[in-house]
J.: 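Let me begin by handing over the structure; questions about it come next.
Below, chain A is the first sequence line, B the second, and so on; all start at residue 1. Note that the structure is a prediction, hence the values are computed from the model and not measured.
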Amino acid sequence: MAKDFTTREADYSKWYNELVTKADLAEHSAVRGCMVIKPYGFAIWEKMQAELDTMFKETGHQNAYFPLFIPKSYLSKEADHVEGFAKECAVVTHYRLKNGEDGGVVVDPEARLDEELVVRPTSETIIWNTYKGWIQSYRDLPILVNQWANVVRWEMRTRLFLRTAEFLWQEGHTAHATKEEAVAETEQMLDVYADFAEKYMAIPVLKGLKTPAERFAGALETYCIEALMQDGKALQAGTSHFLGQNFAKAFEVQFASKEGKLEYVWATSWGVSTRLMGALVMAHSDDNGLVLPPKLAPQQVVVVPIYRNEEQLAAIGEVAQNILAELKAKGIRARYDDRDTHRPGWKFAEYEFKGVPLRIAIGPRDLENKTVELSRRDTLTKEGVPLEGLADRIEGLLEEIQDSLFQRALDFRAASSHRVDTYNDFKEALEKGGFIYAHWDGTAETEAKIKEETKATIRCIPLNAEAEEGSCIYSGKPSNKRVVFAKAY
RNA sequence: CGGGGUAUAGCGUAGUCCGGUUAUCGCGCCUGCUUUGGGAGCAGGAGGUCCCAAGUUCGAAUCUUGGUACCCCGACCA
C-alpha cells in the first residue's frame with residue numbers, strides 16, 4: 001500500500017497523485033479528464049457537504065435543483081459570461097443513436113437538436129432565466145437558493161480533484177432588492193467558506209478580492225479565500241461573487257419596489273467544489289500518507305485487536321465493544337476492525353496511510369493491565385493509556401489534533417509569507433514559494449507583465465490589508481496597500 | 001491545443017534499439033500449514049487481447065501508419 005510511496009521532497013506532484021490513488025480517494029476513469037471518486041474519498045466529500053449544507057441552511061438558504069442542460073442561446077445573453085466560458089463547453093447536438101454498419105452505434109443525423117444544449121459549466125444563466133418567473137415584487141425577495149450539482153468544463157490539462165473536466169460542487173444563487181443586501185450576502189458567504197476551511201478543514205485562508213483580470217466572468221466583484229499548500233503554491237479554495245445587476249438585465253428580471261418603481265434585481269453567486277479535497281490532501285498529509293482533520297475523517301478512531309487465539313479475541317472484543325459504545329455515545333465515529341484476513345501490522349500501515357486520526361491497539365498485555373495503546377496519526381506518536389477515562393481522553397485528543405493541524409498550517413503559512421519591496425526581492429521570494437505581500441500599481445498591464453515574467457499571479461487584495469504608502473515593485477508607481485502574489489494551482 | 005515522454009497480469013517492471021521456442025522479475029491474489037504488539041514464513045497454484053486499429057513479414061510486445069489514455073513543460077482554469 002504505502003510501500004514505494006514517493007516523498008514530497010522527491011516529487012511533490014507525483015506524491016500528490018500517488019496519495020490520491022493509493023489512499024483510495026479517487027482514480028482516473030475511462031473518460032478523459034474525468035475521475036471516479038472512490039467510496040473513501042466520497043465519504044470525506046460527504047462530510048464536507050454535510051457541514052457546508054448545515055451552514056448554508058443556518059444562514060437562511062434552501063436547496064433546489066436546476067437542469068444539467070442549458071440552451072445555447074442563454075449562455076450568450078451576458079457578454080462577459082459567455083466569453084469566459086465558451087472555450088470550455090461541452091455541447092449536446094443530437095438526441096438519438098442508431099445501429100451502425102459495423103455492428104456498433106452511430107449518431108442519427110436525423111436526430112439533430114433545433115437548439116443545441118450546453119452541459120452547464122455553471123448555472124447562472126438557466127437559473128436567472130428561471131428566477132425571471134419567480135420575481136415580480138419586492139415581496140418575492142430575497143431568493144436564497146443553493147444547488148449541489150456536477151458541472152463540466154472542458155479543461156486542457158486535468159489533475160485529480162484539483163482540475164477535472166467534470167466536478168462536483170455547490171453553487172449558491174441569490175437575488176436581492178438592493179445592492180447593499182447583495183454585497184452583504186456575498187461577504188457573508190465568503191465568511192462561511194473561510195469558517196468552514198479553518199474550523200473543519202483546519203486550513204487557514206486569506207480572505208480577499210480578486211483583481212478585475214481574475215474576476216468571475218460576469219461579476220462586478222469576486223471575493224475569494226486563498227489557501228497555501230505545502231509546496232508553497234496557492235490554491236483558490238472558494239469564491240463568492242457580487243454579480244450586480246448584470247444577470248438581471250441580461251434576463252430581464254425586474255421587480256416592483258415598495259415605492260412602486262420597476263427595478264432590476266441584484267445578484268450573487270458562490271461556490272466551492274471537490275477541489276477542496278485536493279486542498280485537504282495537500283495541506284496536511286505527509287510522506288506516510290494522508291492526514292485528515294478529525295472533523296472530516298470518515299473514521300476518527302479505529303480499534304485493532306492483537307491476539308493469539310480465539311479466547312483472547314473474544315476477551316478483546318468485549319473490551320473493544322465497550323469502548324466503541326462509549327465513543328458512539330459521544331458522537332465519535334469509531335470502528336472495530338477484527339477482520340481475520342489481515343494482520344495487525346498490515347492494519348496499522350493501512351490506517352496510517354488513510355489518515356485515521358487515532359488508532360487503538362488492544363492485546364493480551366493490555367487486557368492484563370487494563371490499558372490500550374493509543375496512536376496519533378498527526379504526530380506518529382503512541383503511548384499506553386488506561387482504559388479508565390479513555391473515551392474522554394479520545395474526545396479531548398481529537399480536538400487537540402484538529403487544533404494542532406490548524407496551528408501547524410498557520411505556522412507554515414506565517415513562515416512562508418514574505419514582504420518584499422523590489423522586483424528582485426520579489427523574484428527571489430518566488431523561488432522559495434509562499435505568499436508574497438507587495439505593492440502593485442493597480443493596473444492590469446503590470447499584473448499581466450509580472451505574470452508573464454514570473455508566472456506569479458495576484459491571488460487577492462486582502463480584505464484586511466492595512467493602508468500603507470509604497471511604490472509598485474514593477475512600475476514604481478504609487479500604491480496604498482499591499483496585495484498578495486503567489487504561484488497558484 | 002503546442003513541445004517532450006510513457007503504455008507489457010490487479011500494481012510496479014525486464015524484454016523493444018537489432019522481429020524468431022512456452023514473455024521476465026517483485027508485490028498482490030488463491031490453497032495448505034505455521035503465524036499475529038508495525039506491511040509474516042514456507043510449500044504449491046492461478047492469472048496476459050504485450051493500449052486500440054490497420055499495415056509490412058513465413059513470423060510482430062519488438063518495424064510502419066493512424067488513434068486513445070496518462071505523465072512532465074507551456075497557454076487556459078474552481
J.: Figure out the CE/P separation between M156(A) and rC72(B), and round it to whole Å.
T.: 17 Å

J.: What contact category does T274(A) fall into here, base, sugar-phosphate, or nothing, at under 4.0 angstrom with non-hydrogen atoms?
T.: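 Nothing: the residue T274(A), judged by heavy atoms under 4.0 Å, touches no strand.
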
J.: Can you tell me how far CD1 of I70(A) sits from CZ of F85(A), rounded to the nearest 0.5 angstrom?
T.: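 With rounding to 0.5 Å, CZ (F85(A)) is 10.0 Å from CD1 (I70(A)).
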
J.: Counting only heavy atoms not in E318(A), do more than 12 fall under 6.0 Å of its CD?
T.: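 Not buried by this count: 12 neighbours or fewer within 6.0 Å.
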
J.: rU6(B) pairs with which nucleotide, Watson-Crick or G-U wobble, both distances below 3.5 Å?
T.: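 Result: rA69(B).
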
J.: Assign the ring pair H241(A) / F216(A) to parallel, tilted or perpendicular, where the plane angle (0 to 90°) is split at 30° and 60°.
T.: parallel

J.: Pairing check on rC58(B): which nucleotide meets the Watson-Crick or G-U wobble criteria with it, both distances under 3.5 Å?
T.: rG20(B)

J.: With both distances under 3.5 Å as the test, what is the Watson-Crick or G-U wobble partner of rG38(B)?
T.: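 Pair assignment: rG38(B) / none.
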
J.: Stacking between rG38(B) and W346(A), yes or no? Criterion: centroid separation under 5.5 angstrom, plane angle under 30 degrees.
T.: no

J.: Does R308(A) have a side-chain nitrogen or oxygen under 4.0 Å from the phosphate oxygens OP1 or OP2 of rU36(B)?
T.: yes

J.: Looking only at side-chain atoms of E88(A), point me to the closest of rG39(B), rC76(B), rU36(B).
T.: rC76(B)

J.: Nearest-Å distance, CZ (F216(A)) to P (rA78(B))?
T.: 8 Å

J.: Measure from CZ on R359(A) to C1' on rG39(B) and round the result to the nearest Å.
T.: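 Atom-to-atom, R359(A) to rG39(B), this comes out as 12 Å.
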
J.: Watson-Crick or G-U wobble partner for rC1(B), using a 3.5 Å limit on both distances?
T.: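 Across all strands, the one nucleotide that pairs with rC1(B) is rG74(B).
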
J.: Go through residues 144-155 of chain A and report each residue with a non-hydrogen atom lying under 4.0 Å from RNA chain B, sorted by number.
T.: R153(A), E155(A)

J.: Go ahead and name the base partner of rG26(B); Watson-Crick or wobble counts if both distances stay under 3.5 Å, otherwise write none.
T.: rC11(B)

J.: Can you tell me how far C1' in rG47(B) sits from the matching atom in rU8(B), rounded to whole Å?
T.: 14 Å

J.: Within the distance-only criterion (no hydrogens, no angle test), does the side chain of Q230(A) pair as donor or acceptor with the backbone N or O of M282(A) below 3.5 angstrom?
T.: yes

J.: Does NZ or CZ of K449(A) lie under 6.0 Å from the centre of the six-membered ring of Y474(A), at an angle within 45° of the ring axis?
T.: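 No cation-pi geometry.
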
J.: NA contact type, S273(A), heavy-atom cut-off 4.0 Å: base, sugar-phosphate, or nothing?
T.: base

J.: Output yes when a side-chain donor or acceptor of N17(A) lies under 3.5 Å from a complementary backbone atom of K14(A), and no otherwise.
T.: no

J.: Taking 4.0 Å as the cut-off, does a side-chain nitrogen or oxygen of K455(A) come that near to OP1 or OP2 on rG74(B)?
T.: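 Yes, such a contact exists.
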
J.: What's T21(A) touching, base or sugar-phosphate or nothing? Going by heavy atoms closer than 4.0 Å.
T.: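 Nothing, no heavy atom under 4.0 Å.
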
J.: Mapping R459(A) and K382(A) to their closest nucleotides on RNA chain B, which lands nearer the 5' end?
T.: K382(A)

J.: Look at the side-chain N and O atoms of R157(A) and state whether any lies under 4.0 Å from the OP1 or OP2 oxygen of rC73(B).
T.: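 Indeed, a polar side-chain atom of R157(A) lies that close.
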
J.: Find out whether the Lys NZ or Arg CZ of R377(A) is both under 6.0 angstrom from the six-membered ring centre of Y351(A) and within 45° of the ring's axis.
T.: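 No, cation not above the ring by the 6.0 Å, 45° rule.
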
J.: Does rA46(B) have a Watson-Crick or wobble mate here (both distances under 3.5 Å), and if so which one?
T.: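 Per the H-bond distance test, none.
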
J.: Both A488(A) and R365(A) contact RNA chain B. Taking the nearest nucleotide for each, which residue is further toward the 5' end?
T.: R365(A)

J.: In B/S/- notation, 5' to 3', how is nucleotides 42-47 of chain B contacted by protein heavy atoms closer than 4.0 Å?
T.: ------

J.: Would you say the rings of F56(A) and W270(A) are close, in the sense that their centroids are separated by under 6.0 Å?
T.: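 Aromatic pair counts; centres sit under 6.0 Å.
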
J.: Using atom P of each nucleotide, how far apart are rU62(B) and rA53(B) to the nearest Å?
T.: 12 Å

J.: Could you state the atom-to-atom distance from CD of E350(A) to P of rG28(B) in whole Å?
T.: 14 Å

J.: Check whether any side-chain N or O of D286(A) sits under 3.5 Å from a backbone N or O of G289(A) as a donor-acceptor pair, and report yes or no.
T.: yes

J.: Under the 3.5 Å rule, do the base of rG37(B) and the side chain of R343(A) count as making a donor-acceptor pair?
T.: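 Side chain to base: no pair below 3.5 Å.
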
J.: Rounding to a whole Å, what distance do you find between L367(A):CG and rG37(B):P?
T.: 15 Å

J.: Please classify the nucleic acid contact of R159(A) as base, sugar-phosphate, or nothing, using heavy-atom distances under 4.0 Å.
T.: nothing

J.: Distance from F412(A) atom CZ to S417(A) atom OG, nearest 0.5 Å?
T.: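 Reported value, rounded in 0.5 Å steps: 9.0 Å.
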
J.: So does T122(A) get a side-chain nitrogen or oxygen closer than 4.0 Å to the phosphate oxygens (OP1/OP2) of rA78(B)?
T.: no

J.: For G271(A), answer base if it contacts any base atom (sugar-phosphate contacts may also be present), sugar-phosphate if it contacts only those atoms, and nothing otherwise; contact means non-hydrogen atoms under 4.0 Å.
T.: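 No contact.
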
J.: Closer than 4.0 Å, any side-chain N/O of H342(A) to the OP1 or OP2 of rU36(B)?
T.: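 Answer no for this pair, as no side-chain N or O of H342(A) is under 4.0 Å from OP1 or OP2.
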
J.: For a quick check of understanding: with a heavy-atom distance under 4.0 Å over all strands, which category does D340(A) fall into, base, sugar-phosphate or nothing?
T.: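 Result for D340(A) = nothing.
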
